[in-house]
Amino acid sequence: MFPPRCHYTTCLLLFLLVLSDFTISESQSPWAAKKKRMRDKVRNMFYHAYDNYMTHAFPHDELKPISKTFTNSLSELGNLKLEHLPQDYNGSALTLIESLSSLVIMGNNTEFERAVLWLSENLTFDVDARINLFECNIRVLGGLVSAHLLASDSSKKLFQGAYKNQLLALAEDLGKRFLPAFDTPTGLPYAWINLKYGVMENETTETSTSGCGSLILEMGALSKMTGDPIYESVALRALRKLWSMQSSLKLFGTTLDVATGQWIEYSSGIGAGVDSFYEYLLKAHILFGKEDFWKMFHSAYVAVQKYFRHGPWYHEADMRTGRATYWQLTSLQAFWPGLQVLIGDVIAANSSHREFFHVWKNYGVLPERSMVY
């Protein structure tokens, strides 16, 4: 069990104070040199990836490092046979969008400003491309919204010239293109939408729990920044509908039908298809300060700890019975210890993180799936 809600902010503040004292006291110790080496290594890794993307793949979405070519994953994900892609489409500079906040963290304000200006002059979403709503939301809309918050903060002085809310204009344009996906009998959004034409004829009605429950941060923030409540409204309606579909055990499935509101896959865990649903409940409470989000997260977290946890591991279980279904560790579960730290459940976080690290050391990287015994 974890501390009450009123304690988790205190836990974070105490952690930061301890970290601050530790940083000061270690300034003359071997840890200072180690921290600098680690910081420099991370910086070098970032620029190795960023510079090669800009050299070999930009303005396409992502770099294929072995062939030094590119992929436009935003559109190709919804067109796996590549039979229907825009002929003059050169990608959406997805990696650049996702790198904006990292450039600020690295202190590279010049490159940040250059990137923002390029996007404002060249990026368009008026393309005949079928995209995944969830992926486009967390990667593109999220990248634009977070970078706008940084660029519009005059105290950071990230721009030599004047920033004219170009990223917010792009984010709002994209947000409007998302809206047709929510036009369903249940309010649960389609997983796929065409950026130019909306929901396609005979589009699949199957989606994931993450796909419906991981939209409130970006869409809610967009409403706050534009003054238009529609984005937060549709995302919140979808989240509340999803919440009403929980089982008597307070558990959720993995996939569902947006037209009928019925579950398709009853087995779930904290990994693929569900992971960010839990993450967004807590972070929505932190970002927007609404008590409802905390109550939802608290209820869901208690159920996870009761039915999915097995020692330091988390297996999958049937939402209707709580019985274990798949005994496996998946790489997308790795966020969980970090989430537990945010709420002050440090003992549980340490236990799980230690096991993830052990698997990482054993294989050199977290495998997509690993059996748990």
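As the structure is a prediction and not an experimental result, all values here were calculated from the model.
No donor-acceptor pair under 3.5 Å is formed between the side chain of Ser370 and the backbone N or O of Leu329. Although no hydrogens or angles enter the test, the distance criterion places a donor-acceptor pair under 3.5 Å between the side chain of Gln246 and the main chain of Trp243. Side-chain atoms of Ser247 come within 3.5 Å of backbone atoms of Met319 as a donor-acceptor pair (strictly under, hydrogens ignored). Between the Trp263 side chain and the Met245 main chain, a donor and an acceptor come within less than 3.5 Å of each other. The backbone N or O of Gly143 lies less than 3.5 Å from a partner atom in the side chain of Ser146, making a donor-acceptor pair. Side chain of Asn122 to backbone of Trp118: a donor-acceptor contact under 3.5 angstrom is found. One N or O on the side chain of Thr255 and one on the backbone of Glu265 form a donor-acceptor pair closer than 3.5 Å. For Asn362 (side chain) and His358 (main-chain N/O), no donor-acceptor pair under 3.5 Å exists by modelled atom type. Put simply, the side chain of His285 gets close to the backbone of Lys290: a donor and an acceptor are under 3.5 Å apart. With Thr186 contributing its side chain and Val258 its backbone, the two residues share a donor-acceptor pair below 3.5 Å.
Ion pairing between Arg139 and Glu62 holds under the 4.0 Å rule for side-chain N and carboxylate O. Ion pairing between a basic and an acidic side chain is recognised when a charged N comes within 4.0 Å of a carboxylate O; Glu291 and Lys295 show no such pairing. Under the 4.0 Å criterion applied to side-chain N and carboxylate O atoms, Asp318 and Arg320 are assigned as salt-bridge partners.
Phe308 and His315 have perpendicular rings, their planes meeting at more than 60° on a 0 to 90° scale where under 30° would count as parallel. Using the six-membered ring where Trp is involved, Phe293 and Phe288 have ring planes that are tilted, between 30° and 60° apart.
Rounding to the nearest 0.5 Å gives a distance of 12.0 Å between CG of Leu77 and CG of Asn72. Residue Tyr280 holds its OH atom at 10.5 Å from CG of Leu287, rounded to the nearest 0.5 Å. For the atom pair Phe134 CZ and Thr207 OG1, the distance stands at 9.5 Å (nearest 0.5 Å). Rounding to the nearest 0.5 angstrom, the gap separating the CG atom in Leu170 from the OG atom in Ser92 is 10.5 Å.
Proximity of Asn137 to Met219: side-chain heavy atoms (C-beta onward) are separated by under 4.5 Å at one or more points.
A donor-acceptor contact under 3.5 angstrom links the side chains of Asp275 and Ser210, judged on distance only.
Contact record, Thr209 with Gly253: OG1-O, 2.7 Å, taken as the closest heavy-atom pair. Summarising the geometry of Phe159 relative to Ala151, their closest heavy-atom pair is CE1-CB, 4.0 Å, with the distance given to 0.1 Å. Nearest heavy atom pair, residue Asn165 against residue Ser152, reads OD1-CB, 4.5 Å.
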Test log, rule side chain to side chain donor-acceptor pair (under 3.5 Å), inputs Glu218 and Tyr231: CA-CA 9 Å; Glu218 295 83 1; Tyr231 310 109; over 6 Å; no
side-chain contact (heavy atoms from CB on, under 4.5 Å) assessment of Phe178 paired with Leu215: CA-CA 11 Å; Phe178 285 175; Leu215 302 164; over 6 Å; no
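Under the 4.5 Å side-chain contact rule for hydrophobic residues, Tyr50 and Phe70 do not share a cluster.
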